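These numbers come from a predicted model, not from an experiment. Letters go in sequence order (proteins before strands), and every chain restarts at 1.
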Amino acid sequence: MDYNFRALEEKWQKFWEKDKTFHCEIDQNKPKYYVLDMFPYPSGAGLHVGHPLGYIASDIYARYKRLNGFNVLHPMGYDAFGLPAEQYAIQTGQHPAITTDKNIKRYKEQLVKIGFSYDWNREIRTCDPDYYKWTQWVFIEMFEHWFNNKTQKAEPIERLVDIFAQEGNKNIDAATGQDDVFTADQWNSMSEKEQQTILLNYRLAYLADTMVNWCPALGTVLANDEVKEGFSVRGGHPVVQKKMKQWSLRISAYAERLLNDLDKLEWPDSLKEIQRNWIGRSEGAEIDFTIKDSDSVITVFTTRPDTSWGVTFMVLAPESDLVQQVTTPEYEKDVKQYIEDTKKRSERERLADAKTVSGQFTGGYAINPLTNQEIPIYISDYVLMGYGTGAIMAVPGHDSRDFKFARHFGLDIIQVVVKKGEKPSDPKTWDDSYDAKEGKIINSGFINGLEVSDAIEKTIQHLEDNRIGKRKINYRLRDAIFSRQRYWGEPFPIYFKEGIPYPLDKDKLPLELPEVDAYLPTEEGEPPLARAKNWETPDGYHFEYSTMPGFAGSSAYYLRYMDPKNDNALVSKEANEYWQDVDLYIGGTEHATGHLIYSRYWNKFLYDIGWVCKDEPFKKLINQGMIQGRSNFVYRIKGSNKFVSYNLRKNYDVTPIHVDVNIVDNDILDIEAFKNWNPEYKNAEFVLEDLHDGKAGGKYICGYAVEKMSKSLYNVVNPDDVIEQYGADTLRMYEMFLGPLEMSKPWDTNGIDGVHKFLRKFWRLFFDEENNFNVSDAEASEDELKILHKTIKKVQEDIERFSFNTSVSAFMICVNELTDLKCNKRQILEPLLILLSPFAPHITEELWSLAGNKDSIAYADFPKFKEKYLIESFVEYPVSFNGKMRFKIKLPVDINAKEAQEIVLKHEQAQKWLDAKSPKKVIFVPKKIINIVI
RNA sequence: GCCCAGGUGGCGGAAUUGGUAGACGCGCUGGACUUAAAAUCCAGUGGCCAUACUUGGCUGUGCGGGUUCAAGUCCCGCCCUGGGUACCA
């Protein structure tokens with residue numbers, strides 16, 4: 001019987017489906033284990049060979065845990081709302097649901113072919129109304145809660161209303177956009193509309209005028225993590241800042257918890273660091289500067305209150321509301337002009353111009369509350385409205401940006417911090433400011449002589465005592481903009497009455513996405529949903545026109561898998577208490593500042609309101625590396641249709657041209673396929689070379705480069721093609737063999753033969769010369785047992801530390817050794833089958849069943865490693881002289897240092913290296929090494 | 001600029017706690033089988049030098065120093081690659 005992987009893999013995939021092998025249910029008698037992949041967006045291009053890398057790793061682990069008696073939840077689904085389907089709809093008029101459905105079918109086909117052990121019964125799609133019902137439900141819950149800073153928790157909005165009615169808002173410490181204080185009487189005399197407007201400032205899901213990232217090309221706003229360097233992450237279109245009324249999630253309320261709880265997660269340090277930077281906690285103080293001849297104040301945030309005596313000017317963000325107040329008539333025209341200029345510049349230009357200083361004096365002055373000095377107020381775009389208070393106190397002596405600004409406008413620079421070991425100097429002679437938070441304070445009143453850290457403390461104390469400022473922790477993390485002016489997303493369960501948003505009754509959910517006549521904005525510029533007929537409540541109040549962003553559907557999907565068909569709850573208490581959280585989450589690092597922050601926030605909110613039992617969703621997380629493409633090149637002689645082989649190209653004037661990697665094997669071009677690849681090359685001629693000496697001869701060798709895997713570079717490798725040629729088991733093992741899971745590496749089909757050969761060799765262990773299945777029941781020899789148990793130990797350790805590449809090589813070593821021993825004993829081969837089954841599930845199921853086992857190998861018992869088979873009576877010691885290994889010697893395992901030394905020194909080789917000298921020292925490390933120092 | 005990874009043969013990579021550097025695989029070279037090819041199997045394969053052809057020596061993990069009996073692994077300084085992030089006050 002031959003290893004017919006095509007027939008055998010199809011057979012077992014069908015079996016698993018029919019037998020429901022991987023369906024799982026709550027089972028209180030078994031410990032649970034939840035293994036999750038970041039679910040894919042089903043794009044039209046299908047999966048390429050890079051996508052399944054993480055899925056294979058998680059599948060190996062899921063299968064490993066099953067063999068170890070765990071009840072494993074291992075689901076898969078689709079992040080199905082998204083831009084590409086909508087853009088395709090705009091171009092073709094085809095409903096995005098149809099495109100999405102088609103793509104999902106293709107994805108599923110491809111996934112099934114790789115032999116993943118998913119419980120397909122739990123498949124979810126974020127665009128399914130039964131699914132997004134719960135996305136909408138969570139949104140309403142957020143709408144109906146506020147964040148209490150005192151308890152650091154979300155609390156029901158009704159409770160807040162009660163407090164307002166009794167004591168106003170003066171005792172409330174909330175995460176809020178509400179600055180004004182009101183009394184109970186004031187609250188009680190307000191109209192419904194006024195009250196609702198105030199409540200919006202407290203809700204965790206709120207509607208407010210916000211500076212947003214507006215992408216004109218996509219016709220929508222984008223969240224911060226969807227913008228990179230002034231361009232949209234999807235599509236690369238320019239993004240500008242714009243003030244718009246938008247839904248936001250008050251994620252910034254959770255900044256402290258999101259930051260602190262990172263410590264309890266088993267995530268890669270680099271990923272935690274990215275999140276820490278994204279949250280961007282900084283400690284400092286807010287200080288109030290009074291505007292001259294006015295009662296108004298400019299509040300600034302600073303991390304360096306100790307440098308307050310070095311303030312020589314202030315800068316406001318051009319968008320700041322205070323600009324108008326401080327600007328004198330004399331400067332009004334120039335200020336207006338500067339603001340106009342800033343608006344015109346895109347974010348991109350602002351970044352590119354980062355080094356050129358620009359700004360405008362307003363004519364206004366403020367009073368430094370610590371020195372009582374008058375200081376001029378400028379506006380400049382280096383101060384951002386979105387961070388801190390949108391205003392800064394400028395300390396040019398100790399902040400490099402302020403320094404540049406001061407130099408440019410000829411403003412004073414005062415030294416207030418002296419670096420350790422240096423003397424005060426004239427700032428006029430400086431090349432740059434001294435920014436470090438170290439040194440002694442000078443020129444600064446009551447903090448003179450203090451160290452910076454003490455000076456900061458003392459200054460803050462002073463500010464608070466005199467009510468001119470307060471201690472303040474600032475976060476870079478902004479609230480998440482939650483509206484998108486698009487069609488293909490979750491509708492908001494919100495309607496508007498007199499301009500005030502109200503949530504739909506939860507029992508009316510889901511609010512289904514309506515049909516529209518076109519997937520474009522209306523002529524008035526309203527989002528596509530404004531085109532829908534009857535997009536309103538029975539009372540005629542229209543629904544929200546925006547839809548939710550991509551991260552809405554992916555923020556709680558891991559909870560839905562626990563109980564995917566539940567019509568009464570996102571997840572039942574029972575299911576949540578059993579499955580708890582994700583034990584292992586595998587996915588790319590690109591979600592570090594998006595999905596992985598939103599999910600954590602979403603989960604913490606659900607935890608606060610008592611719907612989930614764990615306050616962090618993903619206990620352990622692994623980032624799989626990217627699989628890059630490996631492109632091949634042919635070299636065309638300029639002005640001809642003649643191609644030169646790689647090593648001969650230097651003799652000609654050539655242009656490298658990308659060639660489809662699928663017609664190249666081990667860098668050797670299939671010339672016939674190349675001629676058929678593109679009509680242009682039909683009559684191409686070739687200068688060939690001989691393989692080893694680079695002389696003209698018989699083969700066309702291609703050049704190569706590692707690049708992104710992309711259609712346009714002709715380096716996309718499709719898993720279906722690999723499976724067709726080698727089988728899914730080979731694909732799975734080869735992807736693991738390629739290198740460490742976390743590392744990025746190029747897909748290189750050269751080498752896949754080695755893994756395939758290994759599986760053939762493994763297969764042959766079970767068959768005799770006549771090719772009949774033949775497994776012997778004879779007792780295994782010591783050598784055979786040793787090989788088996790060595791492999792069990794190695795593979796188990798490797799799986800547990802996710803070092804799958806080394807486990808594959810352990811299997812190769814094992815099979816090579818067993819082949820040498822011609823071992824066909826059941827006692828060895830059956831445990832080996834189980835050991836290999838997480839990696840190569842199809843071939844092992846087949847051999848397991850041929851060996852007479854009735855049940856799927858998926859639920860067999862993982863073999864137990866027994867130390868006794870590895871115990872050796874002798875150890876081969878490397879003997880080195882001054883650290884250089886010279887020869888080896890076999891010594892009894894329990895020998896002591898003195899005995900070993902005696903034997904070694906008598907050895908003829910040792911005599912040679914000693915050269916009649918006596919050793920200074922002999923180091924004996926048991927079971928490791930002997931080193932002789934001469 | 002700052003933060004985080006990483007740099008080992010022709011290639012992917014191994015060396016888990018400082019203890020034989022280069023496991024395993026690819027590729028390459030030679031051989032067996034075959035009319036031939038494929039498949040399969042066997043042997044060799046970091047570099048340099050010497051050699052009685054069997055072996056021996058030197059050198060070698062980005063670069064320069066250091067610690068140690070012993071360094072790919074630890075410390076100091078530098079170079080390079082990849083990723084994250086940025087007028088964040």
Check the distance between [N]'s [atom2] and [X]'s [atom1] and give it to me in whole angstrom.
X	N	atom1	atom2	answer
Q275(A)	G84(B)	CD	P	15 Å
W747(A)	G12(B)	CH2	P	16 Å
M393(A)	C87(B)	CE	P	21 Å
E735(A)	G12(B)	CD	P	18 Å
Q628(A)	G6(B)	CD	P	16 Å
E319(A)	C87(B)	CD	C1'	13 Å
N277(A)	A5(B)	CG	P	13 Å
R304(A)	A89(B)	CZ	P	11 Å

For [N] versus [M], give the span between their [atom1] atoms, rounded off to a whole number of Å.
N	M	atom1	value
G62(B)	G7(B)	P	8 Å
G72(B)	G9(B)	P	14 Å
G77(B)	G82(B)	P	24 Å
G44(B)	U55(B)	P	12 Å
A39(B)	U54(B)	P	32 Å
G10(B)	C63(B)	P	14 Å
C2(B)	U8(B)	C1'	29 Å
A23(B)	G12(B)	P	15 Å

Next item on the list: Report the distance from atom OG of S380(A) to atom CD1 of I392(A), rounding to the nearest 0.5 Å.
Entry: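 Here the interatomic distance stands at 8.0 Å.
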Notebook entry, point to check: Does some side-chain heavy atom of M393(A) sit less than 4.5 Å from a side-chain heavy atom of F289(A)?
Noted result: yes
Note to self: What I'd like to find out is whether the side chain of Q901(A) reaches to under 4.5 Å of the side chain of F924(A), using heavy atoms alone.
What the structure shows: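 The answer is no; the side chains never approach within 4.5 Å.
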Margin query: Under a 3.5 Å distance rule, please check whether H591(A) uses its side chain to pair with a backbone N or O of L596(A) as donor and acceptor.
Written below: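 No; judged by distance alone, with no hydrogens or angles, the pair does not exist.
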Notebook entry, point to check: Using 30° and 60° as the class limits, which term best fits the ring planes of H756(A) and Y726(A): parallel, tilted or perpendicular?
Noted result: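 H756(A) and Y726(A): perpendicular rings.
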Note to self: Students often get this wrong, so: under 4.0 angstrom with heavy atoms, is N474(A) touching a base, only sugar-phosphate, or nothing?
What the structure shows: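 N474(A): no heavy atom of the nucleic acid under 4.0 Å.
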Item checked: Sugar-phosphate, base or nothing in reach of R886(A), heavy atoms under 4.0 Å ->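 Answer is sugar-phosphate: R886(A) comes under 4.0 Å of backbone atoms only.
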Checklist line | Nucleotide pairing, RNA chain B (Watson-Crick or G-U, distances under 3.5 Å), in dot-bracket with [ ] and | | finding: (((((((..(((......[....)))((((((.......))))))(((((....)))))..(((((..]....))))))))))))....
Item checked: Base orientation of G30(B), syn vs anti, 90° cut from 0 ->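 This nucleotide is in anti.
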Next item on the list: Any pair with a residue in residues 741-759 of chain A that passes salt bridge (charged side-chain N to carboxylate O under 4.0 Å, His left out), sequence neighbours left out, goes on the list, sorted by first then second residue, please.
Entry: R630(A)-D748(A)
Check: For K272(A), does the NZ atom have more than 12 heavy-atom neighbours from other residues, nucleotides or ligands under 6.0 Å away?
Finding: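 Buried by this count: over 12 neighbours within 6.0 Å.
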Next item on the list: Decide if atom CD of E438(A) counts as having more than 12 heavy atoms of other residues, nucleotides or ligands within a radius under 6.0 Å.
Entry: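 For E438(A), atom CD is not crowded (no more than 12 foreign heavy atoms under 6.0 Å).
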Margin query: S282(A) vs Y387(A), test: side chain to side chain donor-acceptor pair (under 3.5 Å). Steps then yes/no.
Written below: CA-CA 11 Å; S282(A) 42; Y387(A) 183 78; 2.9 Å; yes
Next item on the list: Report, as a single string ordered 5' to 3', how protein heavy atoms within less than 4.0 Å touch nucleotides 38-47 of chain B: B base, S sugar-phosphate only, - not at all.
Entry: --SS------
Next item on the list: Between protein and nucleotides 13-23 of chain B, map the contacts as a letter string: B base, S sugar-phosphate only, - none, heavy atoms under 4.0 Å, written 5' to 3'.
Entry: SSSB--BB--B
Notebook entry, point to check: Would R276(A) and D263(A) count as a salt bridge (Lys or Arg N to Asp or Glu O under 4.0 Å) if you check the C-alpha gap in whole Å, the side-chain angles of each, and the deciding distance to 0.1 Å?
Noted result: CA-CA 11 Å; R276(A) 283 192 193 105; D263(A) 293 339; 3.3 Å; yes
Item checked: Aromatic ring proximity, centroids under 6.0 angstrom, F313(A) and F409(A) -> no
Check: So, is R401(A) near the phosphate of C88(B), with a side-chain N or O under 4.0 Å from OP1 or OP2?
Finding: yes
Notebook entry, point to check: When you check the phosphate oxygens OP1 and OP2 of A86(B), does a side-chain N or O of R476(A) lie under 4.0 Å from one of them?
Noted result: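 Yes, such a contact exists.
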Checklist line | Identified salt bridge (Lys or Arg N to Asp or Glu O under 4.0 Å) partner of E817(A) from the options K786(A), K761(A), K790(A) | finding: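 With E817(A) as partner, salt bridge (Lys or Arg N to Asp or Glu O under 4.0 Å) holds for just one option, K790(A).
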Notebook entry, point to check: Checking side chain to side chain donor-acceptor pair (under 3.5 Å) for the pair N632(A)/N715(A): CA distance, chi angles, key distance, verdict?
Noted result: CA-CA 7 Å; N632(A) 277 114; N715(A) 60 7; over 6 Å; no
Nucleotide N/O to protein N/O under 3.5 Å, stretch nucleotides 48-55 of chain B:
none

Next item on the list: Could you pick out which residue, T589(A) or Y387(A), lies toward the 5' side of RNA chain B when each is mapped onto its nearest nucleotide?
Entry: T589(A)
Item checked: Closest-nucleotide ordering on RNA chain B, the 5'-leading residue of S270(A) and T389(A) -> S270(A)
Next item on the list: Would you sort out whether V722(A) and I752(A) count as a side-chain contact (heavy atoms from CB on, under 4.5 Å), showing the intermediate values?
Entry: CA-CA 9 Å; V722(A) 178; I752(A) 195 165; 3.5 Å; yes
Checklist line | Where E283(A) and I473(A) come nearest, the two heavy atoms and their spacing | finding: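 Between these two residues, the closest heavy atoms are CG-CG1, 4.0 Å.
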Notebook entry, point to check: Nearest to the side chain of N816(A), which nucleotide is it out of A86(B), A89(B), C24(B)?
Noted result: C24(B)
Checklist line | Counterpart residues, ring pair (Phe, Tyr, Trp, His ring centres under 6.0 Å), relative to Y3(A) (two or more places apart) | finding: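 With sequence neighbours excluded, Y3(A) shows a ring pair (Phe, Tyr, Trp, His ring centres under 6.0 Å) to F5(A), W763(A), given in chain and number order.
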